[in-house]
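Comments concern the structure below.
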Amino acid sequence: MRVASWNVNSLKVRLPQVLEWLQEKSPDVLCLQETKLTDEKFPVAELAEAGYHALYHGQPTYNGVAILSRSVPEDGRCDWPEGSDGQARLCAGTFAGTRVVNVYVPNGQSLESDKYPYKLQWLERLRALIAKELQQWPRLLLVGDFNIAPDDRDVYDPVAWGEDVLCSPPERAALSALLNLGLQDSWRHQHGDLQEWSWWDYRAAGFRRNRGLRIDLILASNALMAEVQDVVIDRNARAAERPSDHAPVLIQLQEE
DNA sequence: ATGTCACTAGGTTAGTGA
């Protein structure tokens, strides 16, 4: 099974690139973040024509997540079990016994912003949810835009970036708490000390100068980690015409 | 550390969020 994650920064704008990428890579599952579409505007028909079912959860202007898949997921979930807080950042489904949880973690904006404590609270709620999900589905992938660079190897210039948002110790501790539930950063596990980025700022020619961060992650539960064959960041998608500022990340799991 | 992009509302541009 092959599962991917991609922050598309508006599915309305990026639908042609997404359809092309689906055709080229043919993943079983593609998790999207920042669709920025209300549910009635979700391109269900175009994706069905491409052979993909869609589970989606959006809102106007901001956020929005979706899971595109060859097969129909079981136990589909949109948003928190305790109810929505008005921000569409979470959805999940089960494919052949493998739970896939798709998240768009709040950005946080800056350490001074009120969005920063929201981010930390959101991550704590996610930890509690994943703890429960792991009990039901030991085979679990937690994928998405985490808006956290796990450590300094994931930052183009860690000295310049310092402990600013996306790299602050409390954010990294929140990510560690998630990993401590029994998950691994699959890309890092496969690639040792390699440095690659999944996001490059549109501003200041970030991509041309290869100034990026690795903030799009696929966390695999320990039960799944032995089946991981490959994890790749598809930098070509970022080099394409009218790109998202994020590249897709794709994990290949051994077939049964 | 800002060389962009996408969104919306409202008035063909400015604010906002990333």
Side-chain angles (χ1 to χ4, degrees), chain A residues 5-21 31-43 46 56-66 84-91 102-123 126 143-150 152 154-168 170-172 174-175 197-217 233-249:
Chain A
S5 172
W6 195 3
N7 179 323
V8 290
N9 183 24
S10 170
L11 185 56
K12 182 185 172 185
V13 172
R14 227 67 65 194
L15 183 61
Q17 290 90 325
V18 169
L19 290 172
E20 191 182 343
W21 198 82
C31 298
L32 302 177
Q33 304 88 36
E34 283 204 271
T35 56
K36 298 185 177 176
L37 287 176
T38 53
D39 290 348
E40 60 273 16
K41 290 184 181 163
F42 200 87
E46 291 91 330
Y56 46 94
H57 176 45
Q59 66 183 90
T61 316
Y62 303 117
N63 311 320
V65 285
S84 176
D85 69 356
Q87 301 205 16
R89 297 179 175 277
L90 173 74
C91 66
N102 177 26
V103 294
Y104 176 47
V105 176
N107 173 284
Q109 197 164 60
S110 72
L111 304 196
E112 298 75 34
S113 169
D114 54 4
K115 298 187 179 72
Y116 181 75
Y118 173 75
K119 178 180 193 173
L120 295 178
Q121 286 158 18
W122 198 96
L123 286 162
L126 181 64
V143 320
D145 176 0
F146 284 75
N147 273 312
I148 302 170
D152 283 353
D154 303 305
V155 182
Y156 74 97
D157 186 346
V159 174
W161 201 281
E163 298 187 345
D164 210 343
V165 73
L166 312 189
C167 294
S168 73
E171 293 167 77
R172 286 177 166 170
L175 179 61
W197 324 129
S198 68
W199 169 81
W200 299 258
D201 202 318
Y202 283 126
R203 296 166 291 183
F207 186 67
R208 184 173 58 74
R209 300 201 287 185
N210 199 26
R211 297 183 169 198
L213 271 60
R214 191 175 66 89
I215 57 178
D216 299 271
L217 310 176
I233 301 171
D234 181 17
R235 169 175 220 296
N236 286 336
R238 181 61 174 84
E241 198 74 16
R242 210 175 183 193
S244 165
D245 46 352
H246 295 252
V249 188

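Order of the sequence lines fixes the chain letters, A, B, ..., with proteins taken first and strands second; residue numbering starts at 1 for each chain. Since this is a predicted model, take the numbers as computed values, not measurements.
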Checklist entry - Taking for each residue the nucleotide of DNA chain B with the nearest heavy atom, is it A:K36 or A:G108 whose nucleotide lies nearer the 5' end? => result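 The residue whose closest nucleotide sits nearer the 5' end is A:K36.
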
Please give the distance between the [atom1] atoms of [N] and [M] as a whole number of Å.
N	M	atom1	result
B:dT8	B:dT12	C1'	14 Å
B:dA1	B:dT16	P	24 Å
B:dG3	B:dC7	P	23 Å
B:dG10	B:dA14	C1'	10 Å
B:dG11	B:dG15	P	12 Å

Checklist entry - Contact boundaries of DNA chain B with chain A (under 4.0 Å, heavy atoms), 5' to 3'? => result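 Boundary nucleotides touching chain A, in 5' to 3' order, are B:dA1 to B:dA18.
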
Checklist entry - Distance only, no hydrogens: is a donor on one side chain within 3.5 Å (strictly under) of an acceptor on the other, for A:D85 and A:W122? => result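 Result is no, nothing qualifies.
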
Next on the checklist: Once you apply a heavy-atom cut-off of 4.0 Å, does A:R209 come out as touching a base, just sugar-phosphate, or nothing?
Outcome noted: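 Contact class for A:R209: base.
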
Next on the checklist: For a quick check of understanding: with a heavy-atom distance under 4.0 Å over all strands, which category does A:R208 fall into, base, sugar-phosphate or nothing?
Outcome noted: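 Base contact.
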
Next on the checklist: Listing request: all salt bridge (Lys or Arg N to Asp or Glu O under 4.0 Å) pairs with a residue in residues 203-214 of chain A, at least two apart in sequence or in separate chains.
Outcome noted: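 For residues 203-214 of chain A: A:D154-A:R214, A:D185-A:R214, A:D201-A:R203.
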
Checklist entry - According to the interplanar angle, ranging from 0 to 90°, do the rings of A:W161 and A:Y156 count as parallel (below 30°), tilted (30 to 60°) or perpendicular (above 60°)? => result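 If you compare the ring of A:W161 with that of A:Y156, the planes turn out perpendicular.
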
